K.L.:
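I am attaching a structure below and will ask some questions about it afterwards.
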Amino acid sequence: MASRLTSFVLIACLVIASSPVHVSSSVPLKKGLSWSFYENSCPKVESVIRKHLKKVFEEDIGQAAGLLRVHFHDCFVQGCDGSILLSGTANAPTEQDFTPNLSLRRTAFKIIDDLRELVDKKCGRVVSCADIATIAARDSVYLSGGPEYEVPLGRRDGLTSANENVTLENLPAPTENASQILTALAKKHFDATDVVALSGGHTIGLAHCAAFQNRLYPTQDPTMEKTFALDLKGVCPTTNSTNTTVNDIRSPNRFDNKYYVDLVHREGLFTSDQDLYEDSTTRDIVTSFAEDQELFFDKFVLAMTKMGQLSVLTGAKGEIRANCSVTNSNNPDFLASVVEEDLESYAELK
Ligand code: HEM
Ligand SMILES: *[C@@H]1O[C@H](CO)[C@@H](O)[C@H](O)[C@H]1NC(C)=O
Ligand SMILES: *[C@@H]1O[C@H](CO)[C@@H](O)[C@H](O)[C@H]1NC(C)=O
Ligand SMILES: *[C@@H]1O[C@H](CO)[C@@H](O)[C@H](O)[C@H]1NC(C)=O
Ligand SMILES: *[C@@H]1O[C@H](CO)[C@@H](O)[C@H](O)[C@H]1NC(C)=O
Ligand SMILES: *[C@@H]1O[C@H](CO)[C@@H](O)[C@H](O)[C@H]1NC(C)=O
Ligand SMILES: *[C@@H]1O[C@H](CO)[C@@H](O)[C@H](O)[C@H]1NC(C)=O
């Protein structure tokens with residue numbers, strides 16, 4: 001009996017451990033979002049995206065970092081409404097154009113539109129670009145070795161892009177210290193644990209010299225580990241270098257808790273990273289994540305679920321874009337297809 005009970009508990013634990021983390025009980029959902037939004041209209045949406053991204057990442061795992069960051073930038077500026085995906089022109093610049101030194105990978109936008117095309121082929125135009133970006137970010141985490149978790153869906157795509165001031169105001173700078181980052185993110189209702197967990201996104205991906213050379217020149221940041229600083233000066237010999245380096249020196253392509261181990265060893269890249277360990281408000285949280293990867297994963301999923309719901313458009317608001325780079329009213333192909341459909345239904349009526 002006892003052994004049967006033990007094996008039952010064991011099996012139950014295994015089942016729980018291998019199924020995606022579901023945070024529905026701890027994070028209230030914004031009205032209009034749901035855990036089963038496309039159950040009837042596009043039941044395969046998540047498997048179509050997962051399958052394509054597996055192929056993309058087998059070629060280049062760096063694309064996972066690009067996709068994760070796009071979702072973060074989308075959500076922080078004007079909400080997770082796909083506005084970051086809109087591409088601008090010289091006369092009408094968009095969010096994409098206002099972050100020159102925060103360079104998002106152009107390939108990430110292409111991948112999202114490729115996903116949109118695959119999903120559209122399967123289901124028609126029912127899944128928003130904002131939801132595709134959300135699922136792609138989740139899969140980037142999971143396929144890089146991070147936690148698997150469910151994301152609530154039902155976002156709609158925004159009709160406008162944010163202006164330059166709004167964009168810069170909402171994206172924290174890597175040169176900011178922990179107290180500045182905490183203050184900025186508290187405005188979006190993130191607490192200290194959320195801030196430390198979200199910064200763990202830097203366990204993958206790259207950064208340009210411009211983002212961290214404030215710690216090398218004109219004077220070297222005394223908190224930075226000396227050999228690490230020397231190596232970084234090799235990568236960025238002058239302040240005009242366009243070189244890049246990895247965010248997490250211990251496991252640059254793996255989504256794990258090594259980023260926090262870096263911070264404990266004073267090998268964090270940005271001021272905004274390293275100061276999370278220097279500041280007494282966040283130091284113990286950093287240490288706890290460095291010691292316990294499962295704890296980091298749990299808190300990361302919670303914070304991402306919050307982030308993924310920032311100012312979302314739902315219900316009848318916004319639209320479902322036919323091309324993630326352009327709103328439907330600015331999309332000549334879409335407008336032409338609508339006219340064609342109207343003519344067809346007119347012909348049917350007759
Ligand atoms: C807390 C405030 C944050 C600041 C100041 C910040 C700043 C930056 C900067 C400056 C870069 C380097 C860009 C470049 O030089 O090319 C970067 C990269 C990155 N960030 Fe953040 N970030 C923050 C939060 C986040 C969050 C919340 C996530 C996701 C959960 C995230 C995910 C990433 C990823 C994955 C990269 C690598 C991108 C790539 O390789 O293309 N960051 N971040
Ligand atoms: C942005 O802010 C600057 C100064 O704070 C102001 O002069 C400018 O008009 C603002 N631009 C927009 C588009 O709001
Ligand atoms: C953080 O930076 C701000 C602005 O530079 C500064 O006023 C503040 O004293 C700094 N805080 C800490 C704890 O270093
Ligand atoms: C990014 O660009 C802005 C405006 O062009 C500038 O004020 C800021 O110092 C730059 N930040 C970095 C890290 O290069
Ligand atoms: C780029 O980095 C390499 C070392 O990784 C260094 O040798 C080279 O001088 C750097 N180039 C520039 C333009 O900064
Ligand atoms: C970068 O700056 C160095 C001197 O600081 C100069 O020799 C070099 O030509 C500059 N490179 C570029 C691409 O501007
Ligand atoms: C989507 O729109 C962009 C920008 O207008 C355009 O460059 C791209 O070719 C379009 N993609 C498709 C698949 O039509």
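Small disclaimer: the values here were computed from a predicted structure and weren't measured. Ligands are counted one by one from 1 in listed order, and the atoms in each one are counted from 1 as well.
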K.L.:
Could you list the atoms of ligand 1 found under 4.0 angstrom from a heavy atom of A211?
P.N.:
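Here the atoms of ligand 1 in question are 10 (C).
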
K.L.:
Show which atoms of ligand 1 fall inside a sub-4.0 Å distance from at least one heavy-atom site of S272.
P.N.:
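Counting atoms of ligand 1 from 1, those under 4.0 Å from S272 are 5 (C).
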
K.L.:
Which option out of G205, A303, A65 puts a heavy atom nearest to atom 35 (C) of ligand 1?
P.N.:
A65

K.L.:
Give the single entry among R69, H202, M307 that approaches atom 42 (N) of ligand 1 most closely by any heavy atom.
P.N.:
H202

K.L.:
Under 4.0 Å, heavy atoms only, figure out whether ligand 1 is touched by the backbone of P172, its side chain, both or neither.
P.N.:
both

K.L.:
Would you say the side-chain atoms of D131 pair up with the backbone N or O of G154, donor to acceptor, closer than 3.5 Å?
P.N.:
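Side chain of D131 to backbone of G154, a donor-acceptor pair under 3.5 Å: yes, one is there.
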
K.L.:
Which ligand 1 atoms are under 4.0 Å away from a heavy-atom of N247?
P.N.:
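Going through ligand 1 atom by atom, the ones under 4.0 Å from N247 are 18 (C), 19 (C), 36 (C), 37 (C).
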
K.L.:
With a 4.5 Å heavy-atom cut-off, do L185 and D194 have their side chains touching?
P.N.:
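The answer is no; the side chains never approach within 4.5 Å.
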
K.L.:
Taking 4.0 angstrom as the limit and counting only heavy atoms of S179, give me the atoms of ligand 3 inside it, by number and element.
P.N.:
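Near S179, meaning under 4.0 Å from one of its heavy atoms, ligand 3 has 1 (C), 11 (N).
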
K.L.:
Could you check which of I181, N177, D279, T281 puts a non-hydrogen atom nearest to atom 1 (C) of ligand 3?
P.N.:
N177

K.L.:
Using heavy atoms and a threshold below 4.0 Å, how should the contact between E176 and ligand 3 be classified: side chain, backbone, both, or neither?
P.N.:
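Within the 4.0 Å criterion, E176 makes no contact with ligand 3.
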
K.L.:
Are any of the side-chain heavy atoms of S87 and V326 separated by less than 4.5 Å?
P.N.:
no

K.L.:
Going by the closest heavy atom to atom 2 (O) of ligand 5, which one wins out of N243, T245, T244, T242?
P.N.:
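When every heavy atom of N243, T245, T244, T242 is considered, N243 comes closest to atom 2 (O) of ligand 5.
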
K.L.:
Should you measure from each heavy atom of A173, which atoms of ligand 1 turn up under 4.0 Å away?
P.N.:
5 (C)

K.L.:
Check for me whether the distance between the ring centres of F296 and F255 falls short of 6.0 Å.
P.N.:
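Between F255 and F296, which both carry aromatic rings, the centre distance is below 6.0 Å.
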
K.L.:
Looking only at N/O atoms, are L206 and ligand 1 under 3.5 Å apart anywhere?
P.N.:
yes

K.L.:
For ligand 1, indicate whether the residue A210 contacts it via side chain, backbone, both or neither (heavy-atom separation under 4.0 Å).
P.N.:
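Neither part.
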
K.L.:
For H208, take its heavy atoms, then give the atoms of ligand 1 lying under 4.0 Å from any of them.
P.N.:
14 (C), 15 (O), 16 (O)

K.L.:
Hey, is F270 one of the residues with a heavy atom under 4.0 angstrom from ligand 1?
P.N.:
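Within the 4.0 Å threshold, so yes.
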
K.L.:
In terms of the angle between their ring planes, are F76 and F190 parallel, tilted or perpendicular, with boundaries placed at 30° and 60°?
P.N.:
parallel

K.L.:
Quick check on atom 7 (O) of ligand 3 - does any protein heavy atom sit closer than 4.0 Å to it?
P.N.:
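Not a single protein heavy atom is under 4.0 Å away.
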
K.L.:
Check whether T244 reaches the backbone of H208 with its side chain - one donor and one acceptor, N or O, closer than 3.5 Å.
P.N.:
no

K.L.:
Quick one: which ligand 1 atoms are inside 4.0 Å of a heavy atom on R105?
P.N.:
39 (C), 40 (O), 41 (O)

